Every structure is written in structure tokens, then in C-alpha cells.
Novice: 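Input: one structure, supplied below.
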Amino acid sequence: MGYGLLKGKRGIIFGALNEQSIAWKAAERCFEEGASIALSNTEVAIRMGTLRDLAEKTGAHVIAADATSVEDLEKVFTEAGEALGGKIDFVLHSIGMSPNVRKEVPYEALNYGFLTKTLDISAISFHKMLAVAHKLDALSEGASVVALTYIAAEKATIGYSDMADAKALLESITRSFGLIYGKEKKVRINTVSQSPTMTTAGSGVSGMTRLLRVAEDMSPLGNADADDCADYIVTLFSDLTRKVTMQNLYHDGGFSSTGMTMEALDKFDRIL
């Protein structure tokens with residue numbers, strides 16, 4: 001049941017691939033809350049995934065684009081504005097990929113060509129997205145932009161490799177662009193630091209199953225899943241959070257503020 005939090009708003013969701021995707025869940029929730037949306041992903045992802053099914057379900061306009069291409073992003077914002085009938089009120093950046101992680105290249109021996117791709121796809125694409133929206137004046141006054149991140153940007157996490165560097169850059173872009181866009185048009189820009197989540201991208205991280213178990217034991221409220229994250233994203237797109245910007249917002253069941261729990265200690269004791 002929706003609350004009408006996004007009634008009349010127009011948004012673009014980048015990165016939905018399949019039903020496992022946080023972006024997919026967010027698109028469904030935005031639609032339920034009354035928003036009109038456009039969906040964007042690469043041509044390959046649209047062919048290989050089931051994005052057309054999501055579009056049919058939500059009445060969304062689908063735009064194939066490479067988020068690392070300024071020209072493609074210009075097409076997305078222009079076409080989305082025309083299809084949805086006005087300036088964009090919210091944007092979700094849910095894009096991340098590391099060739100080093102996929103090929104299990106150890107962090108101490110990174111392939112630097114791969115690293116460049118990781119940073120461009122997972123972080124610099126966010127800067128390009130914001131820069132294009134700014135140049136085209138594509139966002140409405142008080143619009144909200146959210147990007148997904150992870151605590152590995154701040155704390156060393158085994159298996160996350162150069163994606164941690166990309167997320168740190170993503171969070172920095174959020175602050176820097178948030179100051180500019182907030183002053184000019186009251187546009188809010190935030191990141192959501194989500195619990196480890198078994199999305200298609202997340203499943204590629206080495207040791208993800210064990211990481212999920214540890215985070216569950218360490219989080220007072222347990223891990224937040226993709227549906228929980230979608231709910232949180234909706235609140236950030238709504239007018240209820242119009243004074244929240246330039247923040248890295250933890251959505252992890254309390255994991256980020258927990259030092260140790262008895263459940264985790266008990267498991268360590270059994271191992272020892």
C-alpha cells in the first residue's frame with residue numbers, strides 16, 4: 001500500500017537489471033508511491049536482463065544508455081524529460097562494476113586498466129550524470145539524487161577490492177556536487193550505505209555469503225534487504241527529507257555503529 005509520497009513526481013532510475021536489483025525494487029516502490037519514471041541501463045543489460053518486464057509493470061519509459069558516456073546521459077535526461085512531461089524530481093544512481101573483482105584480481109596486484117574502468121563506471125559516471133543534469137537544467141527545484149554505496153568506502157573490507165576506492169570517490173562527489181547544486185537549486189544529493197545485499201553485482205564479491213552472515217550477527221536490527229532499501233530511498237526522494245543533503249546515510253540495521261555483539265562472540269568462541 002502506497003502513501004502517495006511521490007505523487008506527481010518524475011524520476012529516472014539507473015541500473016535496474018532484474019528482480020534482485022535494489023534499483024528494480026526502488027522503481028516498483030516509486031511507482032507505488034505515485035511517481036512517473038524512466039529506466040536506464042546499457043543495451044547489453046537490457047537485452048540480458050528483464051528490464052522490459054519492469055517497464056511494463058510500472059509504465060516506465062526505457063532508455064538504453066552507457067552511464068559513462070556524456071552523450072548518452074544527455075540523451076537520457078532530454079528524452080526522460082520529454083517522455084515524462086517536465087523536469088526530473090529524483091534520480092537513483094545504482095551502478096557499480098569492477099573487472100578486478102569479477103576476475104578475482106587481488107587488491108595488492110590490481111590491473112590498473114581495470115581500475116580505471118571500475119572508477120569510471122562506479123563513481124565518475126555519477127559526476128557525469130550530475131554534470132549533464134546541471135548543464136541541461138534537467139532537475140527541478142528541490143530535486144533529490146541518491147547513489148548507493150557501502151561501508152567498505154570507509155573501513156577495509158576483504159573481497160571488496162577497488163570497489164571500495166570507487167565508493168569513496170562516489171561519496172566525495174556527493175559532497176562536492178551537493179554544495180554546488182544545493183546552493184543553486186536546492187537539489188539534494190545523498191548516498192545510502194546499504195547492508196551487504198545479494199544482488200547480481202553483490203554476488204560477485206568474494207565471500208559475500210559469509211559477509212552476509214557476519215553482518216546479520218553484528219547488526220542489532222539485522223541486515224536491510226533490497227526491499228527495505230527501496231523504502232528508504234522513497235523517503236529520500238520525498239519532500240519529507242527536503243533538508244537532507246551531502247550525507248552518507250547508513251541503512252544497515254545498525255552495523256556501522258556496532259563494535260561487537262554476543263552472537264558474534266559466541267561464534268568466534270566456538271571456532272576457537
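Predicted model, so just to flag it, every value in this text is computed and none were measured. Atoms considered below: every heavy atom in the structure, side chains included; atoms not considered: hydrogens, waters and symmetry mates. Throughout, numbering of the chain's residues begins at 1 and tracks the sequence.
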Novice: When you group the ILVMFWY residues by side-chain heavy-atom contacts below 4.5 Å and let the links chain together, are Val146 and Ile189 in the same group?
Specialist: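 Different hydrophobic clusters.
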Novice: Ala215 and Pro196: which non-hydrogen atoms are nearest, and at how many Å?
Specialist: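 Closest pair (atom of Ala215, atom of Pro196, distance): CB-CG, 3.7 Å.
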Novice: Could you tell me whether the side chain of Asn190 and the main chain of Gln247 form a donor-acceptor pair under 3.5 Å?
Specialist: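 Such a contact is found between Asn190 side chain and Gln247 backbone.
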Novice: Is it the case that Glu171 and Thr191 place a side-chain donor and acceptor less than 3.5 Å from each other?
Specialist: no
Novice: Given Ile12 and Leu92, is the side-chain contact (heavy atoms from CB on, under 4.5 Å) satisfied, shown in steps?
Specialist: CA-CA 6 Å; Ile12 305 174; Leu92 176 63; over 6 Å; no
Novice: Tell me if a side-chain donor or acceptor on Lys185 pairs with a main-chain N or O of Leu139 at a distance below 3.5 Å.
Specialist: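 Checked: pair present.
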Novice: Report yes or no: does Thr42 contribute a side-chain atom to a donor-acceptor pair with the main-chain N or O of Ala45 at less than 3.5 Å?
Specialist: yes
Novice: Are the side chain of Arg188 and the backbone N or O of Thr241 linked by a donor-acceptor pair below 3.5 Å?
Specialist: yes
Novice: Can you tell me which residue pairs pass the ring pair (Phe, Tyr, Trp, His ring centres under 6.0 Å) test with a partner in residues 22-69, sequence neighbours excluded?
Specialist: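 Applying ring pair (Phe, Tyr, Trp, His ring centres under 6.0 Å) to every pair that reaches into residues 22-69, excluding sequence neighbours, yields nothing.
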Novice: Taking all atoms of both residues into account, what is the closest heavy-atom pair of Asp228 and Ala224, and its distance?
Specialist: OD2-CA, 3.6 Å
Novice: Pair Asp239, Lys9 - check side-chain contact (heavy atoms from CB on, under 4.5 Å), show working.
Specialist: CA-CA 10 Å; Asp239 294 337; Lys9 291 188 181 293; 3.0 Å; yes
Novice: Working to the nearest 0.5 Å, report the span between CG of Asp72 and CD of Glu74.
Specialist: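 It is 9.5 Å, given to the nearest 0.5 Å.
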Novice: Considering residues at least two apart in sequence or located in another chain, which fulfil the ring pair (Phe, Tyr, Trp, His ring centres under 6.0 Å) criterion with Phe177?
Specialist: His127
Novice: Is there a side-chain contact between Leu119 and Thr116 in this structure, where contact means two heavy atoms from C-beta onward sitting under 4.5 Å apart?
Specialist: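 Side chain of Leu119 against side chain of Thr116, heavy atoms only: no contact under 4.5 Å found.
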Novice: Looking at Lys75, I want to see if its NZ is surrounded by more than 12 non-hydrogen atoms of other residues, nucleotides or ligands under 6.0 Å.
Specialist: yes
Novice: Can you tell me how far the CD atom of Gln194 sits from the CG atom of Asp225, to the nearest 0.5 Å?
Specialist: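 Rounded to the nearest 0.5 Å, the CD-CG separation comes to 7.5 Å.
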Novice: Phe14 and His93: ring-ring contact (aromatic ring centres under 6.0 Å, His included), yes or no, with the steps?
Specialist: CA-CA 5 Å; Phe14 287 90; His93 179 284; 7.4 Å; no
Novice: Can you find a heavy atom in the side chain of Ile233 that is under 4.5 Å from one in the side chain of Arg29?
Specialist: no
Novice: Looking only at non-hydrogen atoms, find the nearest pair between Ala153 and Thr149 and report the distance.
Specialist: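 It is CB-OG1, 4.3 Å.
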Novice: What pair of heavy atoms forms the shortest contact from Ala166 to Ala123, and how long is it?
Specialist: O-CB, 3.3 Å
Novice: Under a 3.5 Å distance rule, please check whether Thr197 uses its side chain to pair with a backbone N or O of Ser195 as donor and acceptor.
Specialist: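 Confirmed, Thr197 side chain pairs with Ser195 backbone.
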Novice: Residues two or more places apart in sequence or in another chain: which of them pass salt bridge (charged side-chain N to carboxylate O under 4.0 Å, His left out) with Lys87?
Specialist: Asp137
Novice: Report, as yes or no, whether the 6.0 Å neighbourhood of atom CD on Glu56 holds more than 12 heavy atoms from other residues, nucleotides or ligands.
Specialist: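 No, CD of Glu56 has 12 or fewer neighbouring heavy atoms, counting only those of other groups under 6.0 Å.
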Novice: Could you check whether any side-chain heavy atom of Ile63 comes within less than 4.5 Å of a side-chain heavy atom of Leu39, counting everything from C-beta outward?
Specialist: no
Novice: When you measure from the side chain of Ser94 to the backbone N and O of Gly15, does any donor-acceptor pair fall under 3.5 Å?
Specialist: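 No; judged by distance alone, with no hydrogens or angles, the pair does not exist.
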Novice: Does the Ser219 side chain pair with the main chain of Leu221, one donor and one acceptor, at a distance under 3.5 Å?
Specialist: no
Novice: Shortest non-hydrogen contact from Ser140 to Asp89?
Specialist: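 Reported closest heavy-atom pair: OG-OD1, 2.6 Å.
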Novice: Grab the two heavy atoms, one from Ala164 and one from Ala152, that are nearest each other, plus how far apart they are.
Specialist: CB-O, 3.3 Å
Novice: Group every Ile, Leu, Val, Met, Phe, Trp and Tyr by side-chain heavy-atom contacts under 4.5 Å, then state whether Val62 and Leu84 land in the same group.
Specialist: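 They do not share one cluster, since no chain of ILVMFWY contacts under 4.5 Å joins Val62 to Leu84.
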Novice: Side-chain contact test, heavy atoms from C-beta onward, threshold under 4.5 Å: evaluate it for Tyr181 versus Val145 and give yes or no.
Specialist: no
Novice: CZ of Arg10 to SG of Cys30: how many Å apart, nearest 0.5 Å?
Specialist: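 Separation between the atoms: 14.0 Å.
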Novice: Apply the test side-chain contact (heavy atoms from CB on, under 4.5 Å) to residues Leu17 and Leu51: give CA-CA distance (whole Å), side-chain angles for both, the deciding distance (0.1 Å), then the verdict.
Specialist: CA-CA 6 Å; Leu17 178 65; Leu51 191 63; over 6 Å; no
Novice: Taking transitive links into account, so neighbours of neighbours count too, which hydrophobic residues share a cluster with Met48 at under 4.5 Å side-chain distance?
Specialist: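 The other cluster members (ILVMFWY side chains, heavy atoms under 4.5 Å, direct or chained) are Val44.
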Novice: Taking C-beta and beyond as the side chain, do Phe90 and Ile37 meet within less than 4.5 Å on heavy atoms?
Specialist: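 Yes, their side chains come closer than 4.5 Å.
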Novice: Side-chain donor-acceptor pair under 3.5 Å between Asp162 and Thr118, yes or no?
Specialist: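 Side chains of Asp162 and Thr118: pair found under 3.5 Å.
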Novice: Between atom CG of Asn41 and atom CD1 of Ile13, what is the distance when rounded to the nearest 0.5 Å?
Specialist: 12.0 Å
Novice: Calculate, to the nearest 0.5 Å, the distance between atoms NZ and NZ belonging to Lys128 and Lys135 respectively.
Specialist: 12.5 Å
Novice: Is the shortest heavy-atom distance from the side chain of Leu115 to the side chain of Asn100 under 4.5 Å?
Specialist: yes
Novice: Can you confirm whether the side chains of Glu154 and Asn248 place a donor and an acceptor under 3.5 Å from each other?
Specialist: yes
Novice: Please indicate whether Lys117 has more than 12 foreign heavy atoms, meaning atoms of other residues, nucleotides or ligands, lying under 6.0 Å from its NZ.
Specialist: no
Novice: Any side-chain donor-acceptor pair under 3.5 Å between Asp66 and Thr68?
Specialist: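 Distance-only check passes for Asp66 and Thr68.
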Novice: Does Ser161 use its side chain to pair, donor to acceptor, with the backbone of Met163 at less than 3.5 Å?
Specialist: no
Novice: Starting at CG of Leu5, measure out to CG of Leu236 and round the result to the nearest 0.5 Å.
Specialist: 11.5 Å
Novice: Is there a path from Tyr107 to Val101 through hydrophobic residues (I, L, V, M, F, W, Y) whose side chains come within less than 4.5 Å of each other?
Specialist: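 No, because Tyr107 and Val101 fall into different hydrophobic clusters, even though each may have its own neighbours under 4.5 Å.
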Novice: Start with the C-alpha gap between Glu33 and Lys7, add the side-chain angles, then the distance that decides, and say whether salt bridge (Lys or Arg N to Asp or Glu O under 4.0 Å) holds.
Specialist: CA-CA 6 Å; Glu33 291 298 330; Lys7 186 176 181 180; over 6 Å; no
Novice: Is any side-chain heavy atom of Lys103 closer than 4.5 Å to a side-chain heavy atom of Phe114?
Specialist: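 SC-SC contact between Lys103 and Phe114 confirmed.
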Novice: Taking only residues two or more places apart in sequence, or in another chain, which ones meet Tyr250 in a ring pair (Phe, Tyr, Trp, His ring centres under 6.0 Å)?
Specialist: none
Novice: Is the shortest heavy-atom distance from the side chain of Pro220 to the side chain of Thr258 under 4.5 Å?
Specialist: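 Result yes, sub-4.5 Å side-chain heavy-atom pair found.
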Novice: Could you check whether any side-chain N or O of Glu43 sits under 3.5 Å from a backbone N or O of Ala64, counting only pairs where one atom can act as donor and the other as acceptor?
Specialist: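 Such a contact is absent between Glu43 side chain and Ala64 backbone.
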Novice: Under 6.0 Å between ring centres: does that hold for Tyr232 and His251?
Specialist: yes
Novice: Taking Glu216 for its side chain and Gly222 for its backbone only, find out whether a donor-acceptor pair lies under 3.5 Å.
Specialist: no
Novice: Assess whether side-chain contact (heavy atoms from CB on, under 4.5 Å) is satisfied between Cys229 and Leu148, documenting all intermediate values.
Specialist: CA-CA 10 Å; Cys229 191; Leu148 297 179; 4.1 Å; yes
Novice: Does a side chain donor of either Tyr150 or Asp252 reach within less than 3.5 Å of an acceptor in the other side chain?
Specialist: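 No, no side-chain donor-acceptor contact under 3.5 Å.
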Novice: Who pairs with Lys155 by side-chain contact (heavy atoms from CB on, under 4.5 Å), at least two apart in sequence or on another chain?
Specialist: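 For Lys155 the side-chain contact (heavy atoms from CB on, under 4.5 Å) partners, ignoring immediate neighbours, are Ile151.
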Novice: According to a hydrophobic-cluster definition based on side-chain heavy atoms being under 4.5 Å apart (Ile, Leu, Val, Met, Phe, Trp, Tyr only), do Val192 and Val187 belong together?
Specialist: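 Unlinked, Val192 and Val187 end up in two clusters.
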Novice: Under 4.5 Å between side-chain heavy atoms, hopping through other hydrophobics if needed: is there a path connecting Ile95 to Leu170?
Specialist: yes
